[in-house]
Amino acid sequence: MQIVATSNLPVKSVAEQLGYDHRRVFRRAFRAAFGIPSGNDRAAEQSDRTS
């Protein structure tokens, strides 16, 4: 979650770094683990930085 929230890397790159072959599988796993889509977490973190 921290990598997604604090980096500007595309979700595909984050997924590959974590060993996922497909972005879709990573997104499903992220949602299952944290209860939110990976893009929502990044948007919230970036919003907090600009506030």
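A donor-acceptor distance shorter than 3.5 angstrom exists from the side chain of S7 to the backbone of I3, with no hydrogens or angles considered.
When all heavy atoms of S38 and V4 are compared, the pair lying nearest together is O-CG1, 3.3 Å. Across every non-hydrogen atom of F30 and I36, the tightest pair is CD2-O, 3.3 Å.
In this structure the side chain of H22 reaches within 4.5 angstrom of the side chain of V25, judged on heavy atoms. A heavy-atom distance below 4.5 Å is not found between the side chains of R23 and V14.
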(request) Let me see the working for E16 and D21 under side-chain contact (heavy atoms from CB on, under 4.5 Å), right down to the final yes or no. (result) CA-CA 6 Å; E16 289 172 352; D21 291 330; over 6 Å; no
